[in-house]
Amino acid sequence: MHEFHELLDTASLAMARSEGFVPEDLHASLRANVASLRRRSGFFGDVMLVALAGGTGSGKSSLVNAIVGGDVVRTGVVRPTTDYATAIVPSHLREAVAPHIARLGIDVQMTVERDSAIVLIDLPDFDSIEEAHRHIVVEVLPVVDAVVWVFDPEKYADPDIHRTFLATLAPYSDQFVFALNKADTIGSTDVVDAMVRDLRRLLSADGLTDVEVVASSARAHDVWGVDDVVRSMDRRLDVKRTAYLKATTDFRVLADRGYRACLEDRESNGDSDARALAAATFVSLGVQAYAVHHSMKHQD
Ligand SMILES: Nc1nc2c(ncn2[C@@H]2O[C@H](COP(=O)(O)OP(=O)(O)OP(=O)(O)O)[C@@H](O)[C@H]2O)c(=O)[nH]1
Ligand SMILES: [Mg+2]
């Protein structure tokens, strides 16, 4: 897509022009985004990377197994069970995506016979006693195209999850699917429905718009609702568009940060033409990212 390549060029230009005016971590994010998107150019829009994220024991690994229909990743009663990010790659995609996934810091890749354009990524928990787990989640979330957030009835209202993760990710609402898993542990369907509504309300208070929450049970031998999770993924996460929507949202967020950083730098160091040019380039980046995002989102 021509406009998308122009957007990457503007991002590179913003990087070059803002050197010294914006914080190094902003530069690093821009650099990583551009490099990763250029690396993916051969299969961008044909493959979608979807992570499963959530608290310990919410059933992420069980849900992965239920979605792919096999015991692919380890599940367990001893918490936490999953120690590293694992990509579940349909075999026909392996050659194209394996090197890219390895460079994202996802060490383990499992191949499954599955006619799908989705690479699922089973993450460790983010509320672990193991700080390393949270670290992995924080590293991996920004590099995937979409996330299935897996909650359970006990912890779905945990303020840490809402405040630390979801409220900061409000611009990415379109990239998310929500499962209230372990719904089988609640005896009454009325109570499950009330919890689904309550979770939807909490997500909306986090600033996430148009969310869908689906109740599921991924318990071995009592699987239900997982088809609804998959349908929610199909409805919300179009393979052709999702990677573009995610990337353009990243650039909108980074352009906004870059522009603000330039203004702050002016407060401290006074006017300069070079900085004004950097600020203007961030504005261009934001406008271009918005235009590509809008046209992808509303394309038939
Ligand atoms: N009743 C019930 N049990 C479930 C469900 N999903 C998972 N479990 C059980 O809950 C325990 C934890 O499941 P996992 O799939 O390992 O959970 P996880 O989120 O991957 O856990 P971590 O890897 O530690 O973060 C296991 O004993 C599963 O069998 C569910 O929907 N209902
Ligand atoms: Mg797990």
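Along the sequence shown, residues carry numbers from 1. All figures in this text were calculated on a predicted structure; none of them were measured in a lab. As the structure lists them, so they are numbered: ligands from 1, and atoms in each ligand from 1.
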*Asks:* So, are Lys240 and Asp46 salt-bridged, with charged N and O less than 4.0 Å apart?
*Replies:* yes
*Asks:* Using the six-membered ring wherever Trp is involved, compare the ring planes of His100 and Phe43 and label them parallel, tilted or perpendicular (cut-offs 30° and 60°).
*Replies:* perpendicular
*Asks:* Taking everything shown except Arg31 itself, do over 12 heavy atoms lie less than 6.0 Å from its CZ?
*Replies:* yes
*Asks:* If you draw a 6.0 Å radius around CZ in Arg266, do more than 12 non-hydrogen atoms from other residues or ligands fall strictly inside?
*Replies:* no
*Asks:* Is the closest N or O pair between Asp122 and ligand 1 shorter than 3.5 Å?
*Replies:* no
*Asks:* If you compare all heavy atoms of Phe176 against all heavy atoms of Arg236, which two are closest, and at what distance to 0.1 Å?
*Replies:* O-NE, 2.9 Å
*Asks:* Find all atoms of ligand 1 within a distance of less than 4.0 Å from any non-hydrogen atom belonging to Asn181, and give their numbers and elements.
*Replies:* 5 (C), 6 (N), 30 (C), 31 (O)
*Asks:* Check if Gly54 has a non-hydrogen atom at a distance under 4.0 Å from any atom of ligand 1.
*Replies:* no
*Asks:* Under 4.0 Å, heavy atoms only, figure out whether ligand 1 is touched by the backbone of Thr56, its side chain, both or neither.
*Replies:* both
*Asks:* Would one find an N or O of Ser216, backbone or side chain, under 3.5 Å from an N or O of ligand 1?
*Replies:* no
*Asks:* If you measure from the Lys or Arg side-chain nitrogens to the Asp or Glu carboxylate oxygens, is any gap between Asp193 and Arg197 under 4.0 Å?
*Replies:* no
*Asks:* Above 12 or not: heavy atoms from other molecules or residues under 6.0 Å from CG of Asp222?
*Replies:* yes
*Asks:* Considering Ala218, Gly57, Ala53 one by one, which has a heavy atom nearer to atom 31 (O) of ligand 1 than any of the others?
*Replies:* Ala218
*Asks:* Are the side chain of His133 and the backbone of Leu123 linked by a donor-acceptor contact shorter than 3.5 Å?
*Replies:* no
*Asks:* Name the option, out of Pro124, Ser61, Ser62, that contains the heavy atom nearest to atom 7 (C) of ligand 1.
*Replies:* Ser62
*Asks:* Record the part of Asp184 in heavy-atom contact with ligand 1 below 4.0 Å; permitted values are side chain, backbone, both and neither.
*Replies:* side chain
*Asks:* Taking both backbone and side-chain atoms into account, decide whether Ser61 has an N/O/S atom under 2.8 Å from the Mg ion (ligand 2).
*Replies:* yes
*Asks:* Hey, mind stepping through Lys155 and Asp127 against salt bridge (Lys or Arg N to Asp or Glu O under 4.0 Å) and telling me if it holds?
*Replies:* CA-CA 10 Å; Lys155 286 190 294 186; Asp127 57 353; 3.1 Å; yes
*Asks:* Please identify which atoms of ligand 1 are closer than 4.0 Å to at least one heavy atom of Thr185.
*Replies:* 1 (N)
*Asks:* If I apply the N/O under 3.5 Å rule, does Thr75 come out as touching ligand 1?
*Replies:* no
*Asks:* Quick check on contacts: which atoms of ligand 1 are under 4.0 angstrom from a heavy atom of Thr82?
*Replies:* 22 (P), 23 (O), 24 (O)
*Asks:* Has Thr56 got an N/O/S atom less than 2.8 Å from the Mg ion (ligand 2)?
*Replies:* no
*Asks:* Quick check on contacts: which atoms of ligand 1 are under 4.0 angstrom from a heavy atom of Asp125?
*Replies:* 25 (O)
